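Here's the structure we're looking at; comments come further down.
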Amino acid sequence: MTTERITDDLNRLVSLLPAELQASLASPESRDQLLEVVLDLGRLPEARYSGWSIPLGDSSITRADLKAMVERLGEFGSDNRAGIERTLHRISAIRNRRGEVVGLTCRVGRAVFGTVEMVRDLLDSGDSLLLMGRPGVGKTTALREIARVLADDLGKRVVVIDTSNEIAGDGDIPHPAIGRARRMQVARPELQHHVMIEAVENHMPEVIVIDEIGTELEARAARTIAERGVTLVATAHGNALSNLIKNPTLCDLVGGIESVTLGDDEARRRRSQKTVLERAAEPTFTMAVEMHSRSRWAVYREVGRAVDALLRGQVPSSEERKMASDGRVLRVEPLQVSPSPLRRPSLAPVPLPDPVDSTPRQPLGVGVAQPERMMPQAPPKLFQVLCCGLSEQRLDEAVRRHDWAVQAVEDLMQADVVLSVRQGLGRQPELRRQARDAGVPILVIKSDTLPQVERALERLLMRRDSGASHRDAADSGDQFDASAALEECRLAVEQVVVPQGRPVELLPRSEDVRQMQADLVTRYRLRSDVYGSSGQRRLRVFPP
């Protein structure tokens with residue numbers, strides 16, 4: 001499917017300009033990619049495009065030119081904006097101290113169909129989505145298309161909060177670009193948060209679409225709406241997630257930031273200072289998108305996890321997506337400056353979700369690559385995965401989505417790895433023992449969700465593609481098992497032993513792992529002991 005772009009009746013905007021400027025913009029070439037026309041008193045008018053601008057005509061703008069345009073437009077609102085009824089164009093005024101118009105910015109509004117394909121899979125999840133990016137990158141255009149898809153294709157009850165009539169155009173009848181979505185206009189920009197709450201209380205929406213959340217009151221209103229079970233799709237001031245964290249007005253959208261003083265033991269364990277920044281609450285928006293350009297976006301499926309990584313000085317993992325010229329959405333793997341041994345070389349864009357592409361993939365990196373390994377002529381050997389407490393349908397969904405050479409098996413002797421949820425092996429201790437005896441590594445994930453399964457499979461495939469020996473894979477499985485054991489111990493202490501005052505028995509572990517768990521329990525100033533016979537020895541944690 002190719003991307004279709006529809007210009008919203010550009011002739012109606014051009015007809016408002018002085019006659020000389022209309023002649024300069026008569027050709028299709030001069031209108032293609034046109035972003036705005038700038039008219040400033042005493043200066044040559046300019047036509048601005050993405051990355052450059054050109055002068056229009058040879059005469060400077062006069063007061064008569066500006067007055068004639070204002071008369072044709074009608075009244076400007078309190079935000080110094082005006083529009084053309086049932087179009088998406090926007091005209092903004094610059095005034096002098098006496099209130100006279102001395103400049104006009106005529107912004108071209110377009111409805112673009114097809115951009116939503118970049119995040120079409122995210123809309124099905126029902127989670128709130130936040131769009132970020134520099135001005136002019138297409139946030140409002142994407143928001144308009146998302147509102148239409150949610151209302152028409154997914155059948156949701158959608159209400160658009162249209163503060164400056166930028167989303168659905170000027171006039172009382174919304175522009176067709178938002179489909180069946182309803183539009184609520186805002187009398188004054190400072191009242192936007194009131195209209196957001198009013199929409200929830202009066203019109204029972206399933207989704208609320210908001211352009212440019214920019215004040216603390218609007219951020220609070222967004223959190224109130226999200227806590228009432230309504231999905232939010234919005235844009236916010238800020239180029240990236242890191243900018244939003246540093247913005248004290250809007251950081252509540254991603255959970256808020258608070259200063260926490262750690263104990264001595266915890267500070268040593270984290271190898272950090274005693275005073276650190278941590279996320280204060282769950283994010284208002286579960287997912288976020290950084291729009292780097294009109295055709296390249298970075299997707300964060302778990303905003304909370306990304307914010308936690310940023311606060312610890314780490315680089316959060318994001319999914320880079322790119323719109324190809326033929327309308328396909330490609331997933332782009334970012335270049336790794338210092339790839340770890342478990343990381344495979346970066347590849348060229350891979351079609352997303354899963355079209356079959358038999359074309360050999362070329363490396364993106366500039367370093368030395370092995371062509372015979374990067375471009376295998378024969379299909380890769382299937383990676384056999386045994387699921388424990390995990391839905392095979394979830395595994396199949398992840399495999400189909402990324403076109404991975406992975407197959408679910410039921411026999412441990414055929415498996416390359418055991419993939420289990422946290423409590424899965426607890427219900428099947430015999431499977432865990434057999435896997436250890438057979439040297440089959442075990443990878444434990446937190447929950448049976450698609451993002452968790454995708455990350456686990458990607459990590460396992462990277463490990464396999466690195467060319468490590470089977471013994472190394474088994475050692476990696478032990479590391480995974482130890483990490484899961486420590487996480488199990490931490491959750492038991494923090495969620496059951498300390499708050500509820502009840503002892504907890506952990507899963508059977510090896511002696512080395514049990515000792516690591518016991519050390520962790522000691523840091524919490526708690527007592528533990530080992531119970532069970534050989535092969536089933538486990539740690540019991542006692543309350544204070």
Side-chain angles (χ1 to χ4, degrees), residues 74-92 107 109 111 123 126-132 135 139-152 156-238 244 247 249-254 283-286:
E75 276 191 48
F76 283 81
S78 60
D79 55 357
N80 278 320
R81 291 181 178 182
I84 306 171
E85 189 166 356
R86 301 212 69 185
T87 73
L88 301 174
H89 308 309
R90 185 189 76 195
I91 296 90
S92 303
R107 184 82 175 267
L123 303 183
D127 292 329
S128 295
L129 176 65
L130 182 66
L131 304 178
M132 297 167 289
K139 298 190 297 295
T140 304
T141 302
L143 207 62
R144 189 181 298 124
E145 173 75 347
I146 288 172
R148 183 189 65 81
V149 169
L150 287 169
D152 292 359
K156 301 284 188 180
R157 300 189 302 272
V158 181
V159 172
V160 175
I161 309 299
D162 206 358
T163 303
S164 300
N165 287 356
E166 251 191 296
I167 301 178
D170 205 50
D172 294 333
I173 302 176
H175 192 275
I178 67 169
R180 294 177 56 251
R182 304 179 72 187
R183 189 260 295 270
M184 292 183 67
Q185 299 185 56
V186 181
R188 299 195 307 276
E190 59 269 22
L191 298 179
Q192 175 170 290
H193 64 285
H194 285 303
V195 180
M196 291 165 61
I197 300 299
E198 179 187 340
V200 177
E201 293 176 344
N202 292 352
H203 304 290
M204 203 170 63
E206 294 177 286
V207 182
I208 286 185
V209 177
I210 314 157
D211 194 13
E212 294 195 358
I213 296 178
T215 68
E216 187 175 357
L217 290 174
E218 291 163 7
R220 289 180 183 175
R223 176 168 291 278
T224 300
I225 291 171
E227 289 174 351
R228 296 187 187 189
V230 179
T231 301
L232 287 165
V233 181
T235 63
H237 298 289
L244 217 58
N247 188 333
T249 303
L250 299 180
C251 66
D252 187 55
L253 298 176
V254 292
T284 302
F285 292 87
T286 311

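Computed from a prediction, not measured in an experiment: that's the story for all the values here.
At distances below 3.5 Å, at least one donor-acceptor pair connects side-chain atoms of Arg144 with backbone N or O atoms of Ile167. Judged by distance alone, with hydrogens and angles left aside, the side-chain atoms of His89 form no donor-acceptor pair with the main-chain N or O of Ile84 at under 3.5 Å.
Here Pro176 pairs with Arg86 under the side chain to side chain contact (heavy atoms under 4.5 Å, CB included) rule; sequence neighbours left out. Applying the side chain to side chain contact (heavy atoms under 4.5 Å, CB included) criterion to Val195, with sequence neighbours excluded, gives Ile161, Met184, Val186. Here Glu85 pairs with nothing under the side-chain hydrogen bond (donor to acceptor under 3.5 Å, both in side chains) rule; sequence neighbours left out. Asp152 pairs by the side-chain hydrogen bond (donor to acceptor under 3.5 Å, both in side chains) definition with nothing, not counting sequence neighbours. Taking the side chain to side chain contact (heavy atoms under 4.5 Å, CB included) definition, one finds that Ala168 meets it with Asp162, Pro174, Ile178, Arg183, sequence neighbours left out. Partners of Arg107 according to the side chain to side chain contact (heavy atoms under 4.5 Å, CB included) rule, which considers only residues two or more places apart in sequence or in another chain, are Glu36, Arg90. In this view, Arg180 satisfies the side-chain hydrogen bond (donor to acceptor under 3.5 Å, both in side chains) rule with no residue, not counting sequence neighbours. Residues meeting the salt bridge (charged side-chain N to carboxylate O under 4.0 Å, His left out) test with Arg188, sequence neighbours left out: Glu190.
Contact between Ser92 and Phe76 at its shortest, heavy atoms only, is C-CE2, 4.4 Å. Nearest approach of Val160 to Ala181, heavy atoms of both residues: CG2-CB, 4.2 Å. Taking each heavy atom of Pro189 and Ser78 in turn, the nearest pair found is CD-OG, 3.8 Å. The two atoms that bring Gly169 and Leu88 nearest to each other are N-CD2, 3.6 Å, heavy atoms only. Nearest heavy-atom pair across Gly83 and Asp170 is O-OD2, 3.4 Å.
Within the structure, the salt bridge (charged side-chain N to carboxylate O under 4.0 Å, His left out) test picks out the following pairs touching residues 74-84 (sequence neighbours left out): Arg81-Glu166.
Contact of the Leu253 side chain with the Asn247 side chain is not registered, since no non-hydrogen atoms from C-beta on lie closer than 4.5 Å. By the 4.5 Å heavy-atom criterion applied to side chains, Glu145 and Val149 are counted as neighbours.
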Could you go through Leu143 and Leu131, starting from their C-alpha distance and side-chain angles, then the distance that decides it, and tell me whether this counts as side-chain contact (heavy atoms from CB on, under 4.5 Å)? CA-CA 8 Å; Leu143 207 62; Leu131 304 178; 4.1 Å; yes

With a cut-off of 3.5 Å and sequence neighbours excluded, list every side-chain donor-acceptor pair involving residues 201-210.
from, atom 1, to, atom 2, distance (Å)
Glu206, OE1, Arg157, N, 2.9

Going by atom type alone, with no hydrogens or angles, which donor-acceptor pairs under 3.5 Å involve a side-chain atom of residues 211-225 and a protein atom two or more places apart or on another chain?
from, atom 1, to, atom 2, distance (Å)
Asp211, OD1, Thr235, OG1, 2.7
Asp211, OD2, Thr140, OG1, 2.9
Thr215, OG1, Glu218, N, 3.2
Glu216, OE2, Arg220, NH2, 3.0
Glu218, OE1, Gln192, NE2, 3.4
Glu218, OE1, Gly214, N, 2.8
Glu218, OE1, Thr215, N, 3.4
Arg223, NE, Asp252, OD1, 3.3
Arg223, NE, Asp252, OD2, 3.0
Arg223, NH1, Glu282, O, 3.3
Arg223, NH2, Asp252, O, 3.1
Arg223, NH2, Glu282, O, 2.9
Arg223, NH2, Thr284, OG1, 3.4
Thr224, OG1, Arg220, O, 3.1

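Note that NE2 of His175 is 12.5 Å distant from CG of Asn165, once rounded to the nearest 0.5 Å. The CG atom of Leu129 lies 8.0 Å from the CZ atom of Phe285; values are rounded to the nearest 0.5 Å.
Counted within 6.0 Å of NZ on Lys156, heavy atoms from surrounding residues, nucleotides or ligands total 12 or fewer; the atom is thus considered open.
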